[in-house]
Amino acid sequence: MKLDGEVTTGLGKAAFFLSQDFYVNNFIKNCGFKPYPGTLNIIVPEEHLDKINEVKDSCENIIKPDEGFGAVKYIKAVLNDDVEGAIVFPAKTEHTENYLEFIAEKKLRDELNLEDGDIVSIEF
């Protein structure tokens with residue numbers, strides 16, 4: 001599936017979670033990269049939500065961390081036909097369902113010179 005979405009500012013909470021060893025080590029092992037401690041938040045059109053929810057519900061890639069932290073489902077993805085990473089679906093989130101959280105090895109806002117409102121493509 002490939003779709004376009006709009007870059008938006010997140011809640012700033014991903015940095016803490018993506019700094020935890022059990023998350024980092026699992027992403028290194030299963031995705032092949034150490035994630036930058038933060039996510040690129042992308043608002044996707046509501047017309048894609050049914051398909052995204054199907055992908056999320058059927059996703060078997062899951063990190064079940066230590067007590068007190070939520071599980072995270074993830075699926076490998078590519079941003080702008082170039083940047084390999086993953087979409088993460090945290091079990092505990094404050095985002096509405098039309099937000100996708102993309103992780104990669106580098107801080108994508110800096111690497112790709114992205115600002116809120118920019119349109120990116122994501123394929124998974």
Side-chain angles (χ1 to χ4, degrees):
M1 174 175 197
K2 186 172 185 175
L3 55 89
D4 290 339
E6 181 181 333
V7 174
T8 189
T9 299
L11 302 171
K13 295 183 177 185
F16 173 75
F17 295 101
L18 287 172
S19 297
Q20 301 301 311
D21 286 341
F22 49 84
Y23 289 122
V24 171
N25 293 336
N26 270 280
F27 285 122
I28 291 170
K29 176 182 170 188
N30 298 312
C31 294
F33 66 90
K34 179 180 179 181
Y36 171 81
T39 61
L40 181 67
N41 292 274
I42 303 164
I43 299 173
V44 297
E46 294 201 11
E47 67 216 40
H48 298 295
L49 292 182
D50 286 343
K51 181 63 177 164
I52 291 168
N53 284 326
E54 283 178 32
V55 170
K56 180 172 68 172
D57 293 344
S58 65
C59 181
E60 294 183 7
N61 301 327
I62 188 165
I63 299 171
K64 295 180 181 176
D66 298 335
E67 188 174 319
F69 290 92
V72 176
K73 290 183 175 185
Y74 62 92
I75 186 167
K76 290 183 181 182
V78 177
L79 186 79
N80 287 350
D81 298 317
D82 185 47
V83 180
E84 293 189 20
I87 299 168
V88 293
F89 302 105
K92 297 178 181 179
T93 184
E94 295 177 28
H95 287 303
T96 58
E97 67 177 352
N98 64 327
Y99 272 67
L100 289 182
E101 295 184 74
F102 186 85
I103 61 170
E105 193 167 24
K106 299 187 182 213
K107 185 177 181 181
L108 297 177
R109 281 185 176 264
D110 293 348
E111 285 291 312
L112 303 176
N113 196 29
L114 295 172
E115 297 180 4
D116 283 2
D118 287 347
I119 303 300
V120 294
S121 69
I122 190 163
E123 186 171 7
F124 54 97

Applying ring pair (Phe, Tyr, Trp, His ring centres under 6.0 Å) to F22 and not counting sequence neighbours gives F69
CD1 of I43 to CG of N98, rounded to nearest 0.5 Å, is 6.0 Å
One should read off an interatomic distance between L108 CG and N41 CG, to the nearest 0.5 angstrom, of 11.0 Å
| Any side-chain donor paired with an acceptor under 3.5 Å for Y74 and N30? | yes
V88 and L18, any side-chain heavy atoms less than 4.5 Å apart:
no
The salt bridge (charged side-chain N to carboxylate O under 4.0 Å, His left out) partners of D110 (sequence neighbours excluded) come to K107
In this structure, CD1 of I122 is separated from NE2 of H48 (nearest 0.5 Å) by 11.5 Å
With sequence neighbours left out, the residues meeting ring pair (Phe, Tyr, Trp, His ring centres under 6.0 Å) with F102 are none
message: When you group the ILVMFWY residues by side-chain heavy-atom contacts below 4.5 Å and let the links chain together, are L49 and V55 in the same group?
response: yes
Worksheet item: Between R109 and D116, is there a salt bridge with N-O shorter than 4.0 Å?
Response: yes
So CD of E115 and OG1 of T8: to nearest 0.5 Å the spacing works out to 12.5 Å
V78-F124 co-clustered via ILVMFWY side chain contacts under 4.5 Å: no
In this structure, CD1 of I87 is separated from NZ of K56 (nearest 0.5 Å) by 11.5 Å
